[in-house]
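A short write-up of the structure that comes next.
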Amino acid sequence: MQNDKLKSYLSLHLIVFIWGFTAILGALITITADALVWYRMVLAGLFLAIFIAFKKISFRIPLKSFLKLIFVGLLIALHWIFFFKAIHVSNVSITLSVFSLGAFFASILEPVFYGRKVLWYEVFFGLIIIAGLALIMKVEINYLAGMLYALASIILGVLFTLMNGKLIEKHEPSVISFYEFLAGVFFITIYFLFQQKFTADFFILTANNWILILILASVCTAYAFTASVKVMRKLTPYTVMLTTNLEPVYGIVLAYFILGGKEKMSFEFYIGALIIVITVILNGVIKHYQKDK
């Protein structure tokens, strides 16, 4: 049992590293945020459908759960649209740094969703992360629009993470993700039809964009998203959300080497990132200590 939790925790760190790379792809792909999310969800849904059929997993799901998945799919679509929009109006560093607020929101909302008492150290760690974020943002107020988009994105991210935490108790991760992506595609498609965005130019992409979108949809979405839902069988949503605070660290390092000097961070960022890393480690130590009591 303890080994399963360790494997899940290590898997989660691999997933978070992949998510950090997702931000780099978002900066390199040269189409609008909503179009990018549409392509991402269409292709990821297709990859998952092939995987589910290959594994002979049933697509059947109760109507009540299906309706919940439709709503979660809408949240995921909006979450990703705001995420890529934040990257486009600011940069990778700003967007990923704001994501560290996720643990604080999760510490407040998880007790509401799961009916358990608020744990003092979860709120405390959330406040420490806010302090780390404040250091990172200290000299970056000119990126306020990007911060607000990122903030909206992470709030939506916390909500669908908590809802998936309950859905995973009864359903296969790949099936959950498939229907959520399908719902996201449906809502974005309706929006595009009203906005008359489905023009011939919409479907004409450069070879570079196609390659990056395929990587985004397969490795960074179909695999990473399904795997993240799966680890929630062993880890709490709060631990998942807190560990994702390493995403800024992974993402910023990758951005520096892949995107160049424009992603170079201030001294305050490195101090803030260190605070976030230490907080993640402390959370794991305390949870492990309490379970061994």
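For the numbers below, each heavy atom of this structure counts, side chains included, while hydrogens, waters and symmetry mates do not.
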Checklist entry - Can you say whether the rings of Phe192 and Trp38 are parallel (under 30°), tilted (30 to 60°) or perpendicular (over 60°)? => result tilted
Item to check | Sole residue of Trp80, Tyr39, Phe186 in ring-ring contact (aromatic ring centres under 6.0 Å, His included) with Phe181 | outcome: Trp80
Next on the checklist: Between Asn209 (side chain only) and Ile31 (backbone N and O only), is there a donor and an acceptor less than 3.5 Å apart?
Outcome noted: no
Next on the checklist: Below 30° counts as parallel, above 60° as perpendicular, anything between as tilted: where do the rings of Phe17 and Tyr250 land?
Outcome noted: perpendicular
Checklist entry - At what distance, to the nearest 0.5 angstrom, does CD1 of Ile81 lie from CE of Met41? => result 8.5 Å
Checklist entry - Does Thr189 reach the main-chain N or O of Val185 with its side chain, forming a donor-acceptor pair under 3.5 Å? => result yes
Item to check | Thr221 side chain to Ala44 backbone, donor-acceptor under 3.5 Å | outcome: no
Next on the checklist: Holding to side-chain contact (heavy atoms from CB on, under 4.5 Å), I want the full list of residues that pass it with His88, two or more places apart in sequence or in another chain.
Outcome noted: Ala33
Checklist entry - Hey, what do you get for OG (Ser153) to CZ (Phe84), rounding to the nearest 0.5 Å? => result 9.0 Å
Checklist outcome for this item: CG (Leu205) and CG (Leu212) are apart, to the nearest 0.5 Å, by 10.5 Å
Checklist entry - Taking His79 for the side chain and Leu156 for the main chain, is one N or O donor matched with an acceptor at less than 3.5 Å? => result no
Checklist entry - Please, which pairs that meet salt bridge (Lys or Arg N to Asp or Glu O under 4.0 Å) have at least one residue in residues 197-226, sequence neighbours excluded? => result Asp34-Lys197
Checklist entry - What is the ring orientation for Tyr121 with Phe125, classed by angle as parallel under 30°, tilted 30 to 60°, or perpendicular over 60°? => result perpendicular
Checklist entry - Same cluster or not: are Tyr9 and Val231 linked, directly or through other Ile, Leu, Val, Met, Phe, Trp or Tyr residues, by side-chain heavy atoms under 4.5 angstrom apart? => result yes
Item to check | Shared-cluster residues of Phe54, by chain and number - hydrophobic side chains joined below 4.5 Å | outcome: none
Next on the checklist: Would you say that more than 12 heavy atoms from the other residues, nucleotides or ligands in this model lie under 6.0 Å from the CZ of Phe187, or not?
Outcome noted: yes
Next on the checklist: Does the plane of the ring in Phe59 sit parallel, tilted or perpendicular to the ring in Tyr179? Use 30° and 60° as the thresholds.
Outcome noted: perpendicular
